There are 2 protein chains.
Amino acid sequence: MDTASSPKALRKTLHDRGMRMTPQRQLVLDAVRDLGHATPEQICQRVQATAPTVNITTVYRTLDLLDRLGMVRHTHLGHGAPTYSVDEHEHVHLVCHKCGRVDEAPCDLLTPVAGTLRREFGFELDASHLALSGTCRDCLKENDQ
Amino acid sequence: MDTASSPKALRKTLHDRGMRMTPQRQLVLDAVRDLGHATPEQICQRVQATAPTVNITTVYRTLDLLDRLGMVRHTHLGHGAPTYSVDEHEHVHLVCHKCGRVDEAPCDLLTPVAGTLRREFGFELDASHLALSGTCRDCLKENDQ
DNA sequence: CTGCGTGCAAAATATTTGCAGACAG
DNA sequence: CTGTCTGCAAATATTTTGCACGCAG
């Protein structure tokens with residue numbers, strides 16, 4: 001088996017478009033996979049743990065590249081910084097606007113809504129690109145006290 | 001009738017908390033109401049059409065204040081800048097990630113989903129705070145051509 | 001070799017903070 | 001009058017861009 005984020009897959013995708021394979025690109029892809037959802041800043045720190053000279057600029061450029069290649073995707077979790085994750089396990093993000101915690105829910109949660117939107121608005125929903133915001137279990141409990 | 005964004009309502013809300021009514025605060029609230037969804041930058045321009053000396057700093061501070069007072073709310077539409085709107089007509093935002101267009105859908109679209117989230121995740125959904133992203137009617141059409 | 005990709009510095013953008021004066025109450 | 005609010009300038013944070021060198025192919 002050969003996952004989408006393996007060195008081979010990355011090399012092939014890049015070469016198919018006349019682009020080059022570099023250690024930096026592999027490190028960024030690895031970091032995105034390992035961290036789950038992470039901001040460019042966090043990804044950069046992770047990469048620098050292995051290769052301290054890699055510049056934040058390169059991280060931004062590489063994330064942008066990998067996003068356009070479809071190898072990672074970015075999600076707007078709310079407050080500000082977008083977070084990046086590998087495209088593998090699709091899910092909806094649930095962001096608590098009180099404590100900032102991010103949970104995940106299965107994507108098909110929104111399937112009925114997606115159908116309604118398509119029918120009534122001609123709008124093709126991309127469920128995993130944005131988060132749903134609200135209040136999480138724990139913060140709700142705190143309010144009750 | 002006395003809407004939530006009327007000068008009187010604003011004055012009262014402020015006074016109840018020992019805060020002061022100022023022309024700047026009324027102008028910002030008016031701009032938010034008139035513009036629908038707008039970024040701090042756009043709101044500032046609108047305010048400056050009437051009062052050119054009002055500073056962007058004041059707009060940021062006032063938006064933050066009005067948000068905490070519950071007189072406006074902010075929504076993360078995706079790409080970057082949050083947008084502010086009055087709390088009156090609740091709706092879900094549909095953002096096209098291709099052309100950037102923002103449509104609105106009735107909030108109760110998500111009522112069934114909100115129920116599922118509450119039951120299965122203990123998560124209380126706040127539907128109007130975030131946007132759903134996808135591809136709008138027009139951009140879908142373009143893809144077909 | 002050739003030129004794409006990188007690191008560095010600096011620019012562009014977005015938002016926040018410190019402080020002295022203005023003015024609401 | 002008193003203390004909050006504002007405007008200005010500068011600090012911070014975030015992301016982008018220009019350029020010369022290094023390395024992938």
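Just so it is clear, the structure is predicted and the values come from calculations on it, not from any experiment. Chain A is the first sequence line, chain B the second, and so forth, proteins listed ahead of strands; every chain is numbered from 1.
- Residue Leu65(B) contributes atom CG, which lies 10 Å from atom C1' of dC5(D) at whole-angstrom precision.
- As rounded to whole Å, 11 Å separates atom C1' of dC5(D) from atom CG of Leu14(B).
- Protein atom CD1 of Ile56(B) is 15 Å distant from nucleotide atom P of dA9(D), rounded to whole Å.
- Shown here for Val47(A) and Ala31(A), the closest heavy-atom pair between the two residues is CG2-CB, 3.9 Å.
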Report all side-chain donor-acceptor pairs from residues 110-122 of chain B shorter than 3.5 Å, counting only partners two or more places apart or in another chain.
from: Thr111(B); atom 1: OG1; to: Asp108(B); atom 2: O; distance (Å): 2.9
from: Thr116(B); atom 1: OG1; to: Pro112(B); atom 2: O; distance (Å): 3.2
from: Arg118(B); atom 1: NE; to: Glu124(B); atom 2: OE1; distance (Å): 2.9
from: Arg118(B); atom 1: NH2; to: Glu124(B); atom 2: OE2; distance (Å): 3.3

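- Grouping the Ile, Leu, Val, Met, Phe, Trp and Tyr side chains by contacts below 4.5 angstrom, directly or via other members, places Leu10(A) with Ile43(A).
- Distance check, rounded to the nearest 0.5 Å: OG1 of Thr50(A) to CD of Gln26(A) gives 11.5 Å.
- If you take CD of Gln24(B) and C1' of dT4(D), they are 12 Å apart, rounded to a whole angstrom.
- Here Asp16(A) contributes atom CG and Arg11(A) contributes atom CZ; the two are 12.0 Å apart, rounded to the nearest 0.5 Å.
- Closest approach to the Arg61(B) side chain among dG7(D), dT14(D), dC19(D) is made by dG7(D) (side chain taken as heavy atoms from C-beta onward).
- For the pair Asn55(B) and dC8(D), the criterion of a side-chain N or O lying under 4.0 Å from OP1 or OP2 is met.
- The side-chain heavy atoms of Arg46(A) and Leu27(A), taken from C-beta on, include no pair separated by under 4.5 Å.
- Here the side chains of Val28(B) and Leu66(B) are in contact, with some heavy-atom distance below 4.5 Å.
- Between Arg25(B) and the phosphate of dT6(D), there is a side-chain N or O to OP1/OP2 separation shorter than 4.0 Å.
- Note on the helix from dC1(C)-dG25(D) to dG25(C)-dC1(D): terminal axis deviation equals 30°, with five pairs used at each end and the result rounded to 10°.
- Checked against dG3(D), dT16(D), dT6(D), the side chain of Arg20(B) finds its nearest nucleotide in dG3(D).
- Taking 4.0 Å as the cut-off between side-chain N and carboxylate O, Asp64(B) and Arg61(B) do not count as a salt-bridged pair.
- Rounded to an integer number of Å, the gap from OH of Tyr60(B) to C1' of dC5(D) is 19 Å.
- Each of Thr57(A) and Glu41(B) has a nearest nucleotide on DNA chain C; the 5'-most of these lies closest to Thr57(A).
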For His37(A) and Val102(A), what are the C-alpha separation, side-chain angles and deciding distance, and is it a side chain to side chain contact (heavy atoms under 4.5 Å, CB included)?
CA-CA 9 Å; His37(A) 331 100; Val102(A) 181; 4.1 Å; yes
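- Among the protein residues, Arg17(A) comes within range of no part of the nucleic acid, since none of its heavy atoms lies under 4.0 Å from any strand.
- Close approach of DNA chain C to chain B, defined as any atom under 4.0 Å from a non-hydrogen atom of the protein, starts and stops at dA14(C) to dG25(C).
- Nucleotides of DNA chain D nearest to Val54(B) and Met21(A) differ in position, and the one nearer the 5' end is that of Val54(B).
- Counting non-hydrogen atoms under 4.0 angstrom, Thr22(A) reaches the backbone sugars and phosphates but no base.
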